[in-house]
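Notes to accompany the following structure.
This structure is a prediction, so every number in the text was calculated from the model and none was measured. All values below come from the heavy atoms of this structure, side chains included, with hydrogens, waters and symmetry mates left out.
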Amino acid sequence: MKRLIYIPVFLLTNLAIQAQPTIIAHRGSSYVAPENTVAAANLAWEQNADAVECDIYLSKDNRVVVMHDGTTKRTTGETYKPSETNSDVLRTLDAGSWKDPKYKGEKIPFLEELIATVPKGKKMVIEIKCGPEVFPALQKVVKKSGKQKQMIFIAFNWETIVKAKELFPKNACYWLSSSKPAVQEKMGEIVKNKLDGINLAYSIVDQETVSKAKELGFDVLSWTIDDPAEAKRLVALGVKAITTNRPDLMISTLK
Ligand code: G3P
Ligand code: CA
């Protein structure tokens, strides 16, 4: 006679909530290595991160370059705006020494160089920091890489992320926000525009938001978390990903 095994509903719910989060290395493993460099990406892979996040701009000569700020000042000591500067000039800058002399000579990467580091089974999260002028070059770089399936796109600008989803319909695209009222207002629009979810500043992630997203059928990701206790709170709420400067610490804490 077959026996039915009874699994209490609360246990199933709990198992679902405690699913392993994706660990995204924020600007690479940037607690140790200089952010948004090949060295930071490679360190993240060595530490077994699931994904590396990076920020992109378009240079004056239409190359997709990886950097966070609107100018090169903070990470190279010299001031250039990517949109007004040819990539050969940007590439002469030292984007490593500010972090540690041992990283002297790290360059501002071309996006293709960073994508080249992505191992099989891992992802790259590309944050579009500039305007829609980047899309033609971005499409070319991503297609040429042969790793399009491994790419994920994020942006704070609403029109930019909607456009990204239009151009890359098979790739996951998440809207970034640090404002709870803005998120509440956009919940329905996320679904209408076929976005895959929202990627939120950890401080605004709460049960109400995660439950609403679940009800509507999309994911909540989070950034930037280096505190294990905060990471555990977010995982218990059911976020899909933890973006961190310290993937090694988060992996040892959560996995
Ligand atoms: O991953 C999202 C996060 O990177 C957004 O903030 O300023 O670090 O680009 P920011
Ligand atoms: Ca970013």
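The pair Lys129-Asp69 does not meet the salt-bridge criterion, since no charged nitrogen lies less than 4.0 angstrom from a carboxylate oxygen. Between Arg233 and Asp227 there is no salt bridge, since none of the side-chain N atoms of the basic residue sits less than 4.0 Å from a carboxylate O of the acidic one. Salt bridge Lys104/Glu106: absent, no basic N to carboxylate O contact under 4.0 Å. We find that Arg74 and Glu35 are joined by a salt bridge, their nearest charged nitrogen and carboxylate oxygen being less than 4.0 Å apart. Using a cutoff of 4.0 Å between basic side-chain nitrogens and carboxylate oxygens, Glu113 and Arg91 are scored as salt-bridged. With respect to the salt-bridge test (charged N to carboxylate O, under 4.0 angstrom), the residues Asp196 and Lys165 qualify. A salt bridge links Glu166 with Lys163: the closest approach of a Lys/Arg side-chain nitrogen to an acidic carboxylate oxygen falls below 4.0 angstrom.
The cluster map of Ile, Leu, Val, Met, Phe, Trp and Tyr, joined by side-chain heavy atoms under 4.5 Å apart, puts Leu195 and Val210 in the same cluster. Ile23 and Leu176 are members of different hydrophobic clusters when ILVMFWY side chains are connected at heavy-atom separations under 4.5 Å. Ile56 and Phe153 fall within a single hydrophobic cluster, where Ile, Leu, Val, Met, Phe, Trp and Tyr are joined by side-chain heavy atoms under 4.5 Å apart, directly or via other members. Hydrophobic clustering of Ile, Leu, Val, Met, Phe, Trp and Tyr side chains at less than 4.5 Å, counting indirect connections, unites Val64 with Val142. Linking ILVMFWY side-chain heavy atoms closer than 4.5 Å, directly or via other members, places Tyr174 and Ile242 in two distinct hydrophobic clusters.
At distances below 3.5 Å, not a single donor-acceptor pair connects side-chain atoms of Asn199 with backbone N or O atoms of Trp175. The main-chain N or O of His26 is never found under 3.5 Å from a side-chain atom of Trp223 such that the two would form a donor-acceptor pair. A side-chain donor-acceptor contact under 3.5 Å links Lys147 to the backbone of Val118. Using modelled atom types, one side-chain atom of Asp100 and one backbone atom of Lys102 make a donor-acceptor pair closer than 3.5 Å. In this structure, Thr244 contributes its side chain and Ile225 its backbone to a donor-acceptor pair below 3.5 Å. Using modelled atom types, one side-chain atom of Gln150 and one backbone atom of Lys122 make a donor-acceptor pair closer than 3.5 Å. In this structure, the side chain of Thr37 engages the main chain of Ala40 through a donor-acceptor pair within 3.5 Å. The closest donor-acceptor contact from the side chain of Asn171 to the backbone of Gln148 lies under 3.5 Å. With Thr243 contributing its side chain and Thr224 its backbone, the two residues share no donor-acceptor pair below 3.5 Å.
Annotation: the span from Arg63 atom CZ to Leu58 atom CG amounts to 10.5 Å, rounded to 0.5 Å. Interatomic distance, Glu208 CD to Lys212 NZ, rounded to the nearest 0.5 Å: 9.0 Å. Here Thr75 contributes atom OG1 and Arg27 contributes atom CZ; the two are 10.0 Å apart, rounded to the nearest 0.5 Å. From Met124, atom CE reaches atom SG of Cys54 across 5.0 Å, with rounding to the nearest 0.5 Å. Residue Thr253 holds its OG1 atom at 13.0 Å from CD of Glu230, rounded to the nearest 0.5 Å. Taking OG of Ser177 as the start and CD1 of Ile154 as the end, the distance is 12.5 Å to the nearest 0.5 Å.
Remark: Tyr31 OH is loosely packed, at most 12 non-hydrogen atoms of other residues, nucleotides or ligands lying under 6.0 Å away. No more than 12 heavy atoms of other residues, nucleotides or ligands shown are found within 6.0 angstrom of NZ on Lys81. Atom CZ of Phe218 has more than 12 heavy atoms from other residues, nucleotides or ligands within 6.0 Å. For Lys255, the NZ atom counts as densely surrounded, since its 6.0 Å shell holds more than 12 non-hydrogen atoms of other residues, nucleotides or ligands. For Glu185, the CD atom counts as loosely surrounded, since its 6.0 Å shell holds 12 or fewer non-hydrogen atoms of other residues, nucleotides or ligands.
Nearest approach of Ser59 to Asp61, heavy atoms of both residues: OG-OD1, 2.5 Å. The two atoms that bring Pro109 and Leu114 nearest to each other are CG-CD1, 4.2 Å, heavy atoms only. For Pro136 against Pro132, the heavy-atom pair with the smallest separation is CD-O, 4.0 Å. A pairwise comparison of heavy atoms in Gln47 and Pro247 identifies OE1-CG, 3.3 Å as the closest pair. Across every non-hydrogen atom of Pro21 and Asp50, the tightest pair is O-OD2, 3.9 Å. Smallest separation of non-hydrogen atoms from Asp226 and Arg246: OD1-N, 3.6 Å.
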Original post:
Given the rule in the side chain to side chain contact (heavy atoms under 4.5 Å, CB included) test, do Leu200 and Val183 qualify, once you have shown the distances and angles that lead to the verdict?
Top reply: CA-CA 9 Å; Leu200 305 181; Val183 169; 3.6 Å; yes
Next item on the list: Let me see the working for Met187 and Thr209 under side chain to side chain contact (heavy atoms under 4.5 Å, CB included), right down to the final yes or no.
Entry: CA-CA 9 Å; Met187 283 288 195; Thr209 306; 3.8 Å; yes
Point to revise | Stepwise salt bridge (Lys or Arg N to Asp or Glu O under 4.0 Å) test for Lys180 and Asp206 | key: CA-CA 10 Å; Lys180 190 169 172 186; Asp206 57 16; 2.6 Å; yes
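Side chains of Leu234 and Ser222 form a contact here, defined as non-hydrogen atoms less than 4.5 Å apart. Gln20 is not listed as a side-chain neighbour of Leu254, based on a closest heavy-atom distance of 4.5 Å or more. Glu112 has its side chain out of reach of Lys144: every pair of non-hydrogen atoms, C-beta onward, lies at least 4.5 Å apart. Using a 4.5 Å cut-off on side-chain heavy atoms (C-beta onward), Val66 and Asp55 make no contact.
With hydrogens and angles left out, the side-chain atoms of Thr117 and Trp45 include a donor and acceptor closer than 3.5 Å.
Met151 pairs with exactly one of Val125, Ile126, Leu111, Leu138 by the side-chain contact (heavy atoms from CB on, under 4.5 Å) rule, that one being Ile126.
Chaining together hydrophobic side chains whose heavy atoms lie under 4.5 Å apart places Phe110 alongside Tyr57, Val65, Met67, Tyr80, Val89, Leu90, Leu93, Ile108.
Partners of Phe135 under the ring pair (Phe, Tyr, Trp, His ring centres under 6.0 Å) rule, at least two apart in sequence or in another chain, do not exist in this structure.
In this structure, Lys186 is positioned above the aromatic face of Trp158, its NZ or CZ under 6.0 Å from the six-membered ring centre and within 45° of the axis.
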